[in-house]
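Every value quoted in this text rests on a predicted model; they were computed, and no experiment measured them. Atom set for the values below is all heavy atoms of this structure, side chains included, hydrogens, waters and symmetry mates excluded. Residue numbers start at 1 and run along the sequence shown.
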Amino acid sequence: MRSALAFAAVGEIATGLALLILPSLVGRLLLGEELTGIAIPVARVAGIALIALGLACWPGPPRLGMLVYGAAVTLYLAYLGFTGISTGILLWPAVALHALLTALMIREQALDKASGR
């Protein structure tokens, strides 16, 4: 079972990296059409989520996956906002929420280490 989980984790991380770096190519290979417009940032967020899922399934603390997801999606959404690529009404609240959740997970991790858990 462990080898199947590790294999799945590697597959999700690889797919996530591909979506993050080359979303249009992945769209063409998986769906038969290149991704364009708003589908590209959505695919990149999905890529970040797949990387985080793979890390959460990798041997080690599952919290790492959520930390990576929270931090990466915070940075990516903020980048979209600062560059003007996306300016939806919930963009900045989503950035703030992900930043807060990431900070809380970092705090929880520090508390766990301090208490020896």
Please find the pair of heavy atoms, one from Leu50 and one from Thr15, that lie closest to each other, and give the distance. CD1-CG2, 3.8 Å
Roughly how far, to the nearest 0.5 Å, is the CG atom of Leu100 from the OG1 atom of Thr74? 9.5 Å
Nearest non-hydrogen partners of Leu80 and Pro41, listed with the distance: CD1-CB, 3.9 Å
Donor-acceptor contact below 3.5 Å, side chain Thr102 vs main chain Ala71: yes
Heavy-atom side-chain contact between Ser86 and Ile38 under 4.5 Å: yes
Determine the minimum heavy-atom distance between Arg63 and Met105, stating which atoms define it. CD-O, 3.8 Å
So does Leu35 get a backbone contact from the side chain of Ser24, meaning a donor-acceptor N/O pair under 3.5 Å? yes
For the student: nearest non-hydrogen atoms of Arg44 and Leu19, plus distance: CG-O, 3.7 Å
Using the rule that Ile, Leu, Val, Met, Phe, Trp and Tyr join whenever any side-chain heavy atoms are under 4.5 Å apart, tell me whether Leu77 and Tyr79 fall into a single cluster. yes
Give the cluster check for Ile40 versus Leu20: same hydrophobic cluster or not, with ILVMFWY residues linked at side-chain heavy-atom distances below 4.5 Å. no
Spacing of Leu101 atom CG and Ile106 atom CD1 [to the nearest 0.5 Å]: 11.0 Å
Nearest-0.5 Å distance that lies between atom CG in Leu111 and atom CG in Leu104: 10.5 Å
Write down the atom of Trp58, the atom of Ala9, and the distance for their closest heavy-atom approach. CE3-CB, 3.7 Å
Under 4.5 Å between side-chain heavy atoms, hopping through other hydrophobics if needed: is there a path connecting Leu55 to Leu75? no
Heavy-atom pair of closest approach, residues Ile48 and Ala72: CG2-CB, 3.6 Å
Between the CZ atom in Arg107 and the CG atom in Asp112, the distance rounded to the nearest 0.5 Å is 11.0 Å
Kindly work out whether a path of hydrophobic side-chain contacts (I/L/V/M/F/W/Y, heavy atoms less than 4.5 Å apart) joins Trp92 to Leu90. no
One should read off an interatomic distance between Ile51 CD1 and Leu17 CG, to the nearest 0.5 angstrom, of 4.0 Å
Are any non-hydrogen side-chain atoms of Leu53 and Tyr69 less than 4.5 angstrom apart? no
Hydrophobic cluster membership, Leu31 vs Val26, 4.5 Å side-chain cutoff: yes
